[in-house]
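Below, each value reflects all heavy atoms present in this structure, side chains not excepted, and no hydrogens, waters or symmetry copies.
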Amino acid sequence: MLGGVDQLSDLLGAGASLPAGHGYVVRLSDVVIRAVDGFTLVALAARAATSGTTVVLVGDFNQRKHDFVGHVVDHRPAPAAEVFRAQLRHQLRGQCVGWCTDTCDGRCLERYVDLDCAGHPLLSAYLAGEPRPSEVLKVVATIAPTVPKAGALTERLERFLPLQLRERAVEILDVRRGGEEIDGFTNDEVRAFRLSCAVLAGQPVAEMYEAARRLARWDFQEVTPIGAPLRSSAIDALLGPTLSQAVARVPDSRVPGGCRIDFPAGTESIRSALLEVAWTDWWSPGQLLDWLADLIRGGLPPVRQAAAGAIGWSATRDVQAALDRVGELARERRAGVRQAAAIVLVAMAMQPALRYRVRAELDQWAAGPAAHLQDTVARAYGLGLARLWPDAALTQLRQVAQARMQRRNNSVVRGLVEVYQNGHAASVVPALVDWTASADPEVRLHAARTLRVLADRWAEPPRERWPQLLHLVDHGTIRLVDLAVLWAVALSLPKTAYRSWRTLGFWLDRADRQPAVAGHCLELVRHVIAGQPALRHRLDHQLHHVWRPVMPHNDLLDDVQRLIYEETR
């Protein structure tokens with residue numbers, strides 16, 4: 001190491017001594033790196049060649065890599081997990097950490113380092129995020145003095161790791177703290193871009209930059225469109241060294257800007273830490289919520305989804321403000337915006353502390369007169385809320401189904417299917433039978449639509465020739481008479497009859513020469529046409545003019561013909 005050098009020019013002066021035959025390493029501060037230019041490097045190289053020495057300059061050249069192309073060599077430190085193991089072994093060398101009864105052979109130390117510590121779920125996830133060596137050393141310093149194990153280790157990690165993660169997020173967003181000066185961008189723009197990376201992870205860099213401009217210039221009515229795509233050097237500068245280490249830049253010529261920015265597995269915790277610091281240290285809840293709502297209204301579908309997830313995650317900061325924004329989005333005429341509002345509701349409901357508030361809001365919307373709010377309720381159940389509240393879903397979806405607006409939408413059906421496929425078929429089918437007796441034609445229509453969708457599902461091997469609904473009948477989960485009522489309605493209503501008759505024909509085709517399935521199909525048809533002359537006539541028409549020409553060798557159709565004759569008598 002060569003000490004006493006404040007500026008590179010010190011090595012070029014007449015009094016500078018570089019004895020020949022030696023190599024020197026010069027560590028440069030950030031101030032010196034910003035001041036160095038190409039001519040200085042050329043002069044230093046000439047001086048080293050003349051004196052027969054080598055000089056290696058060490059420092060953070062990341063932001064000036066484009067100025068010295070071909071001369072900067074990236075230092076790749078050891079993986080964080082290896083740094084952790086090596087340092088912890090070094091700190092505990094010579095100690096017995098396993099309470100060995102006889103002479104300690106050191107194996108207890110290896111087990112403690114590799115299994116108890118590096119194999120701990122919290123610590124392995126932390127190390128997978130590749131924290132900096134200085135951060136890893138701080139973790140080692142919290143473990144080595146007392147050698148905690150099991151619950152004590154978990155408690156210490158739960159207390160320390162979030163604090164370190166938050167400190168890193170603060171460093172990323174506090175541009176002035178790092179002494180960064182980025183040409184062409186204000187500190188607010190840089191900070192907004194880094195937050196946009198956390199919110200829109202996986203999206204094109206151009207979308208992130210546009211979102212950052214919206215946040216940094218919130219007072220402007222209009223945001224001017226992005227000009228030329230950002231250069232690689234500009235992206236490096238906007239990200240900064242700390243965030244650059246956490247994200248991955250994925251080249252993609254199909255998207256504006258030519259690349260995407262994503263957080264690989266193991267660094268997702270940085271995203272949540274950046275959002276938390278943004279709420280507590282930099283922007284007011286109202287400003288952030290307005291910004292995210294603006295992204296939902298004006299962005300592409302992936303941007304809307306990402307912004308909606310961010311609102312849901314951040315809702316604990318100001319629950320009422322978040323619900324107010326969701327209510328505004330749920331009243332929008334555009335279906336994509338209402339879908340994003342439903343995503344927010346699901347994200348909020350996944351947090352136990354917010355479930356009661358979300359449930360109360362859904363109760364009001366479902367029972368109220370606003371059709372767009374009701375549609376958002378149905379969309380939320382279709383996106384996953386049905387898993388939390390299956391009984392409430394059936395009640396509220398029936399209220400939503402009464403709205404005339406739902407004649408054109410399938411939101412109610414998707415919500416019902418979500419309840420059904422999460423193990424509640426025994427509740428869904430009887431509820432739909434009750435819907436068929438409703439005085440509201442829209443409710444009956446949704447019962448028929450749901451049957452048509454469920455009828456397209458097939459059982460898993462080895463019963464792949466069984467329609468899933470008949471499979472559930474065979475297992476006693478649902479009743480055949482209930483299924484027959486739903487089929488009768490689906491085959492009768494003009495809006496569902498065409499597809500339903502085709503599906504029933506497919507059932508009969510798959511059941512041919514399958515005695516067990518065929519028996520259930522025939523019994524179902526018997527119940528469907530019992531006391532229904534119009535359906536019996538329609539079945540006879542399908543049999544002779546549609547199914548026979550298509551399935552001339554299907555022996556099961558002869559049995560269906562006999563059922564028609566028996567019912568006629």
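For Ala212, the side chain to side chain contact (heavy atoms under 4.5 Å, CB included) partners at least two apart in sequence or on another chain are Ala192, Phe193, Ser196. Remark: Arg331 pairs with no residue by the side chain to side chain donor-acceptor pair (under 3.5 Å) rule, at least two apart or across chains. By the side chain to side chain contact (heavy atoms under 4.5 Å, CB included) test, His372 is found to be paired with Arg333, Arg338, Met405, residues two or more places apart in sequence or in another chain being considered. The side chain to side chain contact (heavy atoms under 4.5 Å, CB included) search around Asp262 returns Ala201, not counting sequence neighbours. Not counting sequence neighbours, the partners of Gln339 by the side chain to side chain donor-acceptor pair (under 3.5 Å) test are Arg379. Under the rule for a side chain to side chain donor-acceptor pair (under 3.5 Å), the partners of Gln406 that lie at least two apart in sequence or sit in another chain are Asp375. Residues that satisfy the ring-ring contact (aromatic ring centres under 6.0 Å, His included) test with Phe506, not counting sequence neighbours, are Trp458. By the side chain to side chain donor-acceptor pair (under 3.5 Å) test, Asp281 is found to be paired with Arg166, residues two or more places apart in sequence or in another chain being considered. In terms of the side chain to side chain contact (heavy atoms under 4.5 Å, CB included) criterion, residue partners of Ala315 (sequence neighbours excluded) are, by chain and number, Ala322, Met348, Leu354.
Checked by atom type and distance alone, the side chain of Gln374 never pairs as donor or acceptor with a backbone atom of Pro369 at under 3.5 Å.
With a 4.5 Å cut-off on side-chain heavy atoms, Val419 and Ser427 do not count as touching. Side-chain contact between Val139 and Leu127: absent, with no pair of heavy atoms (C-beta onward) separated by less than 4.5 Å. The closest side-chain heavy-atom distance from Val136 to Gln87 is not below 4.5 Å. Counting heavy atoms from C-beta outward, Tyr420 and Leu469 have side chains that approach closer than 4.5 Å. With contacts defined as side-chain heavy-atom distances shorter than 4.5 Å, the pair Arg457/Val417 qualifies. Between Leu451 and Thr496, every side-chain heavy-atom pair lies at or beyond the 4.5 Å cut-off. Two residues are said to be in side-chain contact when any heavy atoms from C-beta on lie closer than 4.5 Å; Cys117 and Leu88 meet this criterion. Taking the side chain as every heavy atom from C-beta outward, Ile270 and Leu274 approach each other to under 4.5 Å.
With rounding to the nearest 0.5 angstrom, the OG1 atom of Thr450 is 5.0 Å from the CG atom of Leu432. A distance of 7.0 Å separates CG of Leu292 from OG of Ser314, quoted to the nearest 0.5 Å. Note that the CD atom of Glu207 and the CD1 atom of Ile261 stand 12.0 Å from one another [nearest 0.5 Å]. The distance from the CD atom of Gln203 to the CZ atom of Arg260 is 6.5 Å, given to the nearest 0.5 Å. Between Leu288 atom CG and Leu215 atom CG the span is 6.5 Å, to the nearest 0.5 Å. Between the CZ atom of Phe160 and the OH atom of Tyr126 there is a distance of 6.5 Å, given to the nearest 0.5 Å.
Around the CZ atom of Arg502, the shell of radius 6.0 Å holds no more than 12 heavy atoms that belong to other residues, nucleotides or ligands. Open room surrounds CD on Glu460; 12 or fewer heavy atoms of other groups in view lie less than 6.0 Å from it.
Counting all heavy atoms, side chain and backbone alike, Ala211 lies closest to Trp291 at O-NE1, 2.9 Å. Nearest heavy-atom pair across Gly202 and Met208 is N-CE, 4.1 Å. Between Ala118 and Phe84, the shortest heavy-atom contact is N-CE2, 4.1 Å. Here the closest heavy-atom approach between residue Lys138 and residue Gln164 is recorded as CB-NE2, 3.8 Å. The two residues Ala349 and Leu388 make their nearest non-hydrogen contact at O-CD1, 3.7 Å. For the residue pair Val377 and Ala366, the shortest heavy atom distance occurs at CG2-N, 4.1 Å.
Counting only residues at least two apart or on different chains, the salt bridge (charged side-chain N to carboxylate O under 4.0 Å, His left out) pairs with a member in residues 296-321 are Glu276-Arg317, Arg297-Glu328, Arg297-Glu332. Applying the side-chain hydrogen bond (donor to acceptor under 3.5 Å, both in side chains) rule to pairs touching residues 347-359 yields Gln320-Arg357, sequence neighbours excluded. The stretch residues 381-402 participates, sequence neighbours left out, in these salt bridge (charged side-chain N to carboxylate O under 4.0 Å, His left out) pairs: Arg387-Glu418, Arg398-Asp434.
One finds a salt bridge joining Arg85 and Glu82 here, because a Lys/Arg side-chain nitrogen approaches an Asp/Glu carboxylate oxygen to under 4.0 Å.
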For Leu454 and Gln468, what are the C-alpha separation, side-chain angles and deciding distance, and is it a side chain to side chain contact (heavy atoms under 4.5 Å, CB included)? CA-CA 8 Å; Leu454 297 180; Gln468 194 177 84; 5.8 Å; no
Output, in order, the C-alpha distance, side-chain angles, deciding distance and verdict of side chain to side chain contact (heavy atoms under 4.5 Å, CB included) for Leu394 and Leu416. CA-CA 7 Å; Leu394 293 176; Leu416 290 168; 3.7 Å; yes
May I have the step-by-step check of side chain to side chain contact (heavy atoms under 4.5 Å, CB included) for Arg271 and Trp313, ending in yes or no? CA-CA 11 Å; Arg271 295 183 62 194; Trp313 184 91; over 6 Å; no
I'd like to know whether Leu238 forms a side chain to side chain contact (heavy atoms under 4.5 Å, CB included) with Arg194, so could you lay out the CA-CA distance, the side-chain angles of the two residues, the decisive distance to 0.1 Å, and finally the verdict. CA-CA 7 Å; Leu238 285 168; Arg194 293 175 182 179; 5.8 Å; no
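Of the listed residues (Leu195, Leu289, Asp290), just one forms a side-chain contact (heavy atoms from CB on, under 4.5 Å) with Trp283, and that residue is Leu195.
For Trp365 and Thr376, the side-chain atoms include no donor-acceptor pair closer than 3.5 Å.
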